[in-house]
Number of protein chains: 2
Amino acid sequence: MLQLDNFFKSAFTVDNIIFGFDEDDIKVLLIKRKEDPYMDKWALPGYFIKEDENLDDAAVRVLEELTGLKDVYLEQVSTFGDINRHPKGRVITVAYYSLVAIHDYNIRPSRIASEAEWIKVKDIEELSFDHYKILQSCFQRLKRKVRIEPIGFELLPPKFTLTDLQHLYEAILEVKLDKRNFRKKILSMDLLVDLNEVQEGVAHRPARLYKFYESKYQEFLAKGLVFDLSEGKAKQSKAIKKSSGIID
Amino acid sequence: MLQLDNFFKSAFTVDNIIFGFDEDDIKVLLIKRKEDPYMDKWALPGYFIKEDENLDDAAVRVLEELTGLKDVYLEQVSTFGDINRHPKGRVITVAYYSLVAIHDYNIRPSRIASEAEWIKVKDIEELSFDHYKILQSCFQRLKRKVRIEPIGFELLPPKFTLTDLQHLYEAILEVKLDKRNFRKKILSMDLLVDLNEVQEGVAHRPARLYKFYESKYQEFLAKGLVFDLSEGKAKQSKAIKKSSGIID
DNA sequence: TCAAAAGTGTTCTTATTACACCCATGG
DNA sequence: CCATGGGTGTAATAAGAACACTTTTGA
């Protein structure tokens, strides 16, 4: 008869890597800890999972408790459990990343967080615990994911310009993209709605504003199209085209 | 002062999804449990992690203890921790997948496994615990991963024919590929060595044998090339080409 | 001599790249 | 009237897709 008490048990936490986009840079939300270990050091917002709580629910709760953010995109990335990753004993952590439109939310640090601040990913050199490693792993995941699904829009306000979108992709993919080719591609996917509005108060020709057309994305997927802004126009996926007739 | 004992602690396990390839089908290695819960039912090989053991080390150890397999490709996929996933109480599990060339290894079931058997992924309809869900999630991961890195070779014996390789990709990607186009692509990547040997004892024209040229893959990566057999020839990555000169 | 799979090129179509100038606005 | 970023098209190149017949072997 299996008795769980015969096996070692560990504390479990969730850590959230919250990505934002601001002035051409990808940032993450870090908290300054007001609790040992690593008191007064920058860390990812994370805390212990409860006994009666699923992992995803814990990620949502902890995020809200520490930063005030809710209803944001969340995805599990990876689990870190090295024996010595926590100075007080074995603590295994499940890392999640989220995507937030920075200016649409107010951050309210609380609980173990004395401050919370958006910091450029490229300026971060070290963090508490193994959080630097976790950050890198989540940034890699974001980079891959953004080429497969149109999640980048989560990082922009509801109305954005094509240049905003291009800069977002350039920041995530760490590449320079060609303006004309980028526009051709994204518009040909037919996933954006031209709002017939323009920017106000800019000292140059104002840009048109667009929004992401969520429900068209479902049609887009149903047609077997693939979202990839980084290397060209949407292509019909092989799965559909090929299965129709290779007799040779 | 943070006291870990004030927080909920859970038992935690690793589960291994071991993929193999045989007669044009992707298979997974399942064990028949000789221990409750789910005694005599098919399950993924998995067991409890020890107090002084990192997650990856546990995956390696458990795999060997239950199946006799060692020195195989292993990668963490995802963590499953729903409150009720284990009938005896809270058990959080970290899922790994591995890739094995079926005929190069002998399986020796032991510990909690009374039998171990390779079963086609497409024939599996249910498993113990939430293992069916874990399997699906790992298969999705394999599907994505195989297009980005040449890990498929782990599933083949050291010497294989181009048809073997094509069938492998067709099985994983669940697509039919064109023979001539497939050969053109893979050979143009220059990652295979033609061994100047042919199959023996086949009732048709014997095929040439190839092996994967591991060290050439490093050169290949260094040139900024991308491995993708599913949609065409290796392309120079945008990261390298683009950064060189867009002035417009 | 048959069955079974190996091996091999070309053409057409589509996607990707490179690239430069005029436009609208605020200061 | 200047500075700033917005907006636009085309031609050349490269990659992808479609497709059929001859070869070699063992039975």
Side-chain angles (χ1 to χ4, degrees), chain A residues 23-24 147 160-167 170 175-189 192 194-210 224-248, chain B residues 23-24 147 160-167 170 175-189 192 194-210 224-248:
Chain A
E23 298 173 38
D24 300 353
R147 295 180 55 167
F160 51 83
T161 70
L162 295 180
T163 302
D164 291 340
L165 188 62
Q166 182 180 337
H167 288 172
E170 289 177 339
V175 183
K176 271 248 148 262
L177 298 172
D178 179 86
K179 185 164 57 161
R180 278 177 289 199
N181 294 338
F182 180 82
R183 285 166 183 239
K184 223 180 305 172
K185 279 179 241 174
I186 184 70
L187 292 176
S188 77
M189 288 183 195
L192 298 184
D194 183 339
L195 294 167
N196 283 310
E197 295 174 52
V198 292
Q199 285 178 310
E200 283 174 23
V202 287
H204 54 77
R205 176 172 174 180
R208 305 182 74 83
L209 295 171
Y210 292 82
L225 297 168
V226 171
F227 185 88
D228 188 350
L229 278 176
S230 70
E231 34 164 65
K233 182 177 263 185
K235 340 173 216 228
Q236 193 167 13
S237 87
K238 280 71 230 170
I240 288 187
K241 247 182 153 169
K242 284 277 183 61
S243 58
S244 55
I246 292 194
I247 305 101
D248 206 357
Chain B
E23 296 172 40
D24 299 353
R147 294 180 54 166
F160 50 85
T161 70
L162 294 182
T163 302
D164 290 340
L165 188 61
Q166 180 178 340
H167 289 172
E170 289 177 337
V175 183
K176 271 246 148 268
L177 298 171
D178 180 85
K179 184 164 58 160
R180 278 178 288 196
N181 294 338
F182 180 83
R183 286 166 182 240
K184 224 180 303 174
K185 280 179 243 175
I186 184 71
L187 292 175
S188 77
M189 288 184 196
L192 298 185
D194 182 339
L195 294 166
N196 284 311
E197 296 175 49
V198 292
Q199 285 178 309
E200 281 173 25
V202 287
H204 55 77
R205 177 172 172 180
R208 304 181 75 83
L209 295 172
Y210 293 81
L225 297 169
V226 171
F227 184 87
D228 188 350
L229 278 175
S230 69
E231 33 164 64
K233 182 175 260 183
K235 338 173 218 230
Q236 193 167 11
S237 86
K238 279 69 227 173
I240 290 185
K241 243 183 158 169
K242 285 277 182 63
S243 60
S244 56
I246 292 193
I247 306 99
D248 207 356

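In what follows, every chain begins at residue 1, and chains take the letters A, B, ... in the order their sequences are listed.
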- [ ] Begin from the C-alpha positions of Ser188(B) and Arg183(B) and carry the test side-chain hydrogen bond (donor to acceptor under 3.5 Å, both in side chains) through to its verdict.
- [x] CA-CA 8 Å; Ser188(B) 77; Arg183(B) 286 166 182 240; over 6 Å; no

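Within 4.0 Å (heavy atoms only), Arg208(B) reaches sugar-phosphate atoms of the nucleic acid but no base atom.
Using a 4.5 Å heavy-atom cutoff, the side chains of Arg205(B) and Gln199(B) are not in contact. Between Asp194(B) and Arg208(B) the shortest side-chain heavy-atom distance falls below 4.5 Å. Counting heavy atoms from C-beta on, the side chains of Leu165(B) and Phe182(B) come closer than 4.5 Å.
Across the protein-nucleic acid pair, Arg183(B) atom CZ and dA15(D) atom P stand 22 Å apart, rounded to whole Å. For Phe160(B) and dA6(C), the CZ to C1' distance is 16 Å, given to the nearest whole Å. Between the P atom of dG6(D) and the CZ atom of Phe182(A) lies a distance of 12 Å, rounded to the nearest Å. Atom-to-atom, CG of Leu165(A) to C1' of dG6(D) comes out at 15 Å; the value is rounded to the nearest Å. Atom-to-atom, CG of Asp178(B) to P of dA20(D) comes out at 11 Å; the value is rounded to the nearest Å. For the pair Asp164(B) CG and dA6(C) C1', the interatomic distance rounds to 12 Å; values are reported in whole Å. Distance Leu177(A) CG to dA18(C) C1': 14 Å, rounded to the nearest Å. Between the CZ atom of Arg205(B) and the C1' atom of dT25(D) there is a distance of 9 Å, given to the nearest Å.
Counting distance only, with no hydrogens placed and no angle test, the side-chain atoms of Arg180(A) and the base atoms of dA20(C) include a donor-acceptor pair under 3.5 Å. In terms of polar N and O atoms assigned as donor or acceptor, the side chain of Lys184(A) comes within less than 3.5 Å of the base of dT10(D) in a complementary pairing. Judged by distance alone with a 3.5 Å cut-off, no donor-acceptor contact links the side chain of Lys185(B) to the base of dG16(D).
Electrostatic pairing of Lys176(A) and Glu170(A) counts as a salt bridge here, judged by a charged N lying under 4.0 Å from a carboxylate O.
Comparing dA18(C), dT8(C), dT8(D) against the side chain of Lys179(A) picks out dT8(D) as the nearest.
The nearest heavy atom of DNA chain C to Ala203(B) and to Ala207(B) marks one nucleotide each, and the one closer to the 5' end goes with Ala203(B). Nucleotides of DNA chain D nearest to His204(A) and Leu187(A) differ in position, and the one nearer the 5' end is that of His204(A).
Contact check, Thr163(A) against dG6(D): a side-chain N or O comes under 4.0 Å of OP1 or OP2.
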